[in-house]
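Right, one structure below, let's go through it.
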Amino acid sequence: MLTTGAPAEAYDDPQPSAGTGPSAERGRQLALRIRAELEARRRREAELTALFETVHDLAGLRDLDDVLQAIVQRARRLLGTEVAYMTLNDPGRGDTYMRVTEGSVSARFQQLRLGMGEGLGGLVAQTARPYATQDYPRDARFQHTDAIDRGVGEEGLIAILGVPLLLGGREVIGVLYAADRRERVFEPEQIALLRSFAAHAAVALDNTRLLTETTQALAGLRAVNETIRRASDVHDRLTELVLRGGGVDEVTRVLTEVLGGRVEFSERVGLPPAEGNGGPGAGGAPAYAEWAPAVERSRRDGHAVRAGGTWVAAVTAGGELLGALLLHGHPELDPVDQRTLERAAMVTSLLQLARRSAGEAEQRVRGELLDDLLDAAHRDPHLLRDRAARVGADLDVPHTVLAARLDPTQAAAPDELDRQRLWSAATHLAATRHGLAATRDGGPVLLLPLEGPDGGLPGSGSEGAVSRTARQVAAELGRAVGGPVTVGASAPVPSPAARPGSVAAAYPEARRCLEALSLLGRRGEGAAAEDLGFLGLLLTDTRDVTGFVRRTLGPALDYDERRGTELVATLDAYFASGMSPVRAKDALHVHVNTVAQRLERLARLLGDDWQAPHRALEIQLALRLHRLTGALGG
């Protein structure tokens with residue numbers, strides 16, 4: 001049914017091959033969710049395609065009627081309405097008049113004029129707010145007039161949605177409508193989509209006005225001709241940049257070439273210092289706080305504003321501040337260049353939103369893949385490899401599972417903002433390291449590839465790869481959130497794709513390491529089981545006794561093997577004698593000075609803290625395990 005595009009009602013009909021019972025019901029529910037997701041993605045793809053087609057029209061069409069007709073046609077098709085139309089404000093008469101229609105059959109309706117505040121459209125034009133009604137003739141919210149009601153009645157319209165055409169975020173120049181000849185409820189997503197079309201229509205009108213004004217001035221102002229040429233050039237270049245998926249750096253480069261001076265974009269401009277406002281400055285100190293008032297003014301007015309020798313254009317989307325474009329070294333800007341800077345800010349907002357959407361989509365893929373590795377041990381390895389390749393991950397190389405959490409003992413317990421910052425930092429780290437990230441047990445879980453020969457697998461010569469990765473992740477996440485982050489890591493997972501269940505098996509070990517670090521008072525650190533001494537033996541499922549002995553006594557064992565000495569035997573006798581050199585020399589049948597010299601050698605090999613209580617306990621346990629494995633022939 002999914003492949004044939006069956007309607008949702010078809011899933012309620014019993015299928016002989018589907019069986020019955022809870023399993024069949026879960027399958028049906030899953031299929032319905034998949035169908036809903038596919039429908040939503042098709043709808044979003046159609047909306048995005050229509051928006052980019054409109055941007056393309058702005059670049060390729062110079063005739064205003066063609067552009068506006070294309071907008072109402074796409075609005076009608078995408079919203080699935082019977083009629084779409086647009087009215088424009090007439091400042092001389094103080095009303096708004098019908099400019100272009102699509103699907104209309106009534107001549108009276110096509111010639112309507114609405115006074116400010118009259119009908120639905122007049123109210124939209126007056127208040128600069130969108131309005132929708134599922135039954136206009138009976139909706140008492142609007143000021144009904146005989147002329148409007150006759151026109152709407154002759155057209156047979158019932159459900160109407162109208163959104164303002166805004167110029168610079170505040171000036172209403174007209175209204176864009178979608179309407180049906182039957183009752184209908186317009187969803188918030190449909191209202192937002194029509195507002196996007198209205199924004200493009202406003203840009204088209206503004207561009208046409210600018211072209212008309214500058215054309216009239218060409219005869220006497222050759223300098224203006226050059227300005228218009230540059231404005232048109234940057235408009236086309238910015239439009240082409242959007243169409244081919246360029247980046248914000250390219251926007252600043254184009255503006256620098258066209259306007260001169262120095263152009264930069266910052267996402268942190270205008271944020272208060274408490275939220276991490278900063279940027280390049282003397283000694284690395286925050287350098288952008290001084291622009292905060294100008295950014296707020298530009299955001300409020302919808303225009304670029306001057307602050308000293310710098311022009312500031314806020315980059316916004318739906319009221320959200322995404323950053324600002326700063327043009328330095330340009331005390332004066334003519335109106336066309338100022339509008340160019342404002343258009344560039346609009347393009348930058350589109351690119352930022354596209355980047356955010358792409359990042360969110362990629363992270364959803366990464367999170368879903370890691371969830372499957374943690375929860376479903378029988379996934380097809382080929383399918384896992386294909387899904388990983390789409391996000392740049394290689395599941396055939398050694399990885400480690402890492403569990404992270406914020407320090408819960410800070411003066412103020414972590415709030416939702418802190419947890420969101422940690423999650424954002426973890427997802428960014430996973431993307432840059434070609435790994436995966438998901439949430440589990442209230443905190444981030446990462447699956448990262450290991451660096452070094454063979455990814456740090458036993459015998460590869462890089463056994464500390466897991467420990468290094470854990471420490472690096474703890475440090476990077478801590479810097480990102482501005483506080484201690486504790487990270488526990490699992491032993492290497494040789495090939496997550498070949499053995500999907502190995503990731504699920506490794507996660508509990510990472511969690512145990514995380515809890516052990518907290519219990520040991522080592523919050524804010526990153527470690528694996530091999531870093532926790534004998535406690536690591538209890539945390540892992542492998543019980544790597546030989547590895548523990550080598551990590552604890554390795555330098556002394558190697559020294560005895562190379563030199564034929566008895567440092568390990570001396571160490572054993574020393575602890576057996578209650579850490580008394582005098583009693584130890586009797587057990588070894590050597591002079592007490594010889595014992596002292598061997599103990600000094602051991603301090604150089606094992607570290608000066610080898611007699612500290614926690615180290616002494618580990619060494620004694622390692623000595624016993626060494627004797628036991630030797631007695632068993634291991």
Side-chain angles (χ1 to χ4, degrees), residues 359 361-404 425-440 443-477 487-514 526-531 536 539-542 544 546-547 550-551:
E362 178 180 322
Q363 181 47 43
R364 281 195 298 272
V365 173
R366 292 179 184 274
E368 291 168 359
L369 178 54
L370 183 51
D371 282 334
D372 283 348
L373 289 169
L374 289 170
D375 296 329
H378 304 294
R379 291 286 182 180
D380 181 358
H382 297 292
L383 180 59
L384 292 174
R385 290 186 179 95
D386 290 342
R387 293 170 61 189
R390 296 192 190 104
V391 293
D394 182 1
L395 296 184
D396 286 315
V397 301
H399 285 65
T400 184
V401 178
L402 304 109
T427 56
H428 176 73
L429 184 63
T432 56
R433 292 203 176 197
H434 306 290
L436 306 175
T439 56
R440 191 59 57 102
V445 179
L446 296 100
L447 180 67
L448 298 182
L450 294 172
E451 300 176 353
D454 299 324
L457 293 176
S460 68
S462 299
E463 296 180 359
V466 172
S467 300
R468 287 196 305 274
T469 300
R471 290 193 296 270
Q472 292 168 359
V473 170
E476 291 186 36
L477 294 181
V487 176
S490 73
V493 180
S495 176
R499 293 190 302 161
S502 59
V503 175
Y507 173 64
E509 179 179 331
R511 285 288 303 172
R512 290 195 294 267
C513 285
L514 176 63
E530 64 184 34
D531 304 314
L539 298 177
T540 64
D541 296 324
T542 58
D544 184 12
T546 302
R550 291 296 308 174
R551 288 192 296 272

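What you see is a predicted model, and the numbers here were worked out from it, not measured in a lab.
Listed here is the closest heavy atom pair of A438 and D371: CB-OD1, 3.6 Å. Minimum interatomic distance between P444 and A426 (heavy atoms only, all atoms of both residues): CB-CB, 3.8 Å. Nearest heavy-atom pair across A497 and R385 is CB-CG, 3.7 Å. Taking all atoms of both residues into account, the shortest heavy-atom contact from A470 to A527 is CB-N, 3.5 Å. Smallest separation of non-hydrogen atoms from A528 and S467: CB-OG, 4.2 Å. Looking at every heavy atom in both residues, S490 comes nearest to V466 through O-CG1, 3.2 Å.
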**Request:** Kindly indicate, with the supporting measurements, whether the criterion side chain to side chain contact (heavy atoms under 4.5 Å, CB included) is fulfilled by L370 and V503.
**Result:** CA-CA 9 Å; L370 183 51; V503 175; 4.3 Å; yes

**Worked check of side chain to side chain contact (heavy atoms under 4.5 Å, CB included) between L514 and V487** = CA-CA 6 Å; L514 176 63; V487 176; 5.8 Å; no

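At distances below 3.5 Å, not a single donor-acceptor pair connects side-chain atoms of H399 with backbone N or O atoms of V493. The backbone N or O of A489 sits nowhere less than 3.5 Å from a side-chain atom of T400 that would complete a donor-acceptor pair.
L373 contributes atom CG, which lies 14.0 Å from atom OH of Y507 (distance to the nearest 0.5 angstrom). Between atom CG of residue L446 and atom OG1 of residue T469 there is a gap of 11.0 Å, rounded to the nearest 0.5 Å. Rounding to the nearest 0.5 angstrom, the gap separating the CZ atom in R440 from the CG atom in L374 is 4.5 Å. Taking CG of L477 as the reference point, atom NE2 of H428 lies at 10.5 Å (rounded to 0.5 Å).
Under the 4.0 Å criterion applied to side-chain N and carboxylate O atoms, E476 and R471 are not assigned as salt-bridge partners. Contact check on D372 versus R387 returns a salt bridge, with a Lys/Arg side-chain nitrogen under 4.0 Å from an Asp/Glu carboxylate oxygen.
Side-chain contact check for L402 versus L448: some heavy-atom pair is nearer than 4.5 Å.
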